[in-house]
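Some notes on the structure that comes next.
In listed order, ligands and their atoms are each counted from 1.
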Amino acid sequence: MTKVNCPTCKKEMIYSKDNAFRPFCSERCKLIDLGEWAAEGHAIKGPSASEELFSEELEDLIRRNGG
Ligand SMILES: [Zn+2]
């Protein structure tokens, strides 16, 4: 087994084909890394999980305010 350190949180994890987020330890760390990349002036196309969550919160706020 090959062990690597997650580029985002530096946690040691096993580099395996079963890990869809390699070389990151989790989806969260992968998204954080992509977010930092985007913050440097690049744009990510398509909706992300966090954007979906954000719009859900927004819709909930709009509903509570009566539209
Ligand atoms: Zn991590």
Side-chain angles (χ1 to χ4, degrees):
M1 279 189 285
T2 307
K3 283 186 178 175
V4 295
N5 288 89
C6 170
T8 302
C9 70
K10 313 297 181 198
K11 194 172 83 179
E12 194 176 70
M13 44 84 70
I14 295 159
Y15 192 99
S16 112
K17 274 185 286 182
D18 297 332
N19 180 0
F21 313 116
R22 67 187 185 279
F24 305 94
C25 69
S26 64
E27 184 175 23
R28 185 177 155 272
C29 284
K30 189 181 174 179
L31 289 175
I32 288 170
D33 193 75
L34 286 173
E36 284 181 12
W37 184 80
E40 283 168 21
H42 305 275
I44 298 173
K45 303 264 185 272
S48 72
S50 55
E51 274 173 18
E52 273 171 41
L53 271 177
F54 181 70
S55 64
E56 264 176 40
E57 276 177 32
L58 212 64
E59 278 170 30
D60 194 45
L61 270 174
I62 290 166
R63 249 180 260 128
R64 266 187 260 171
N65 290 327

Which atom of Cys25 lies closest to which atom of Cys6, heavy atoms considered: N-SG, 3.6 Å
Asn19 backbone acceptor or donor facing Arg22 side chain under 3.5 Å: yes
Electrostatic pair Arg63-Asp60, nearest N-O below 4.0 angstrom: yes
Within-2.8 Å protein N/O/S contacts of the Zn ion (ligand 1): Cys6 SG, Cys9 SG, Cys25 SG, Cys29 SG
Kindly list each side-chain donor-acceptor pair under 3.5 angstrom involving residues 9-16, sequence neighbours excluded, with atom names and distances?
unit_1, atom_1, unit_2, atom_2, d
Lys10, NZ, Pro7, O, 3.0
Ser16, OG, Asp18, N, 2.9

Pairwise distance CZ(Phe21) to NZ(Lys30) - rounded to 0.5 angstrom: 7.0 Å
Arg28 CZ to Asp33 CG distance, which is reported to the nearest 0.5 Å: 12.0 Å
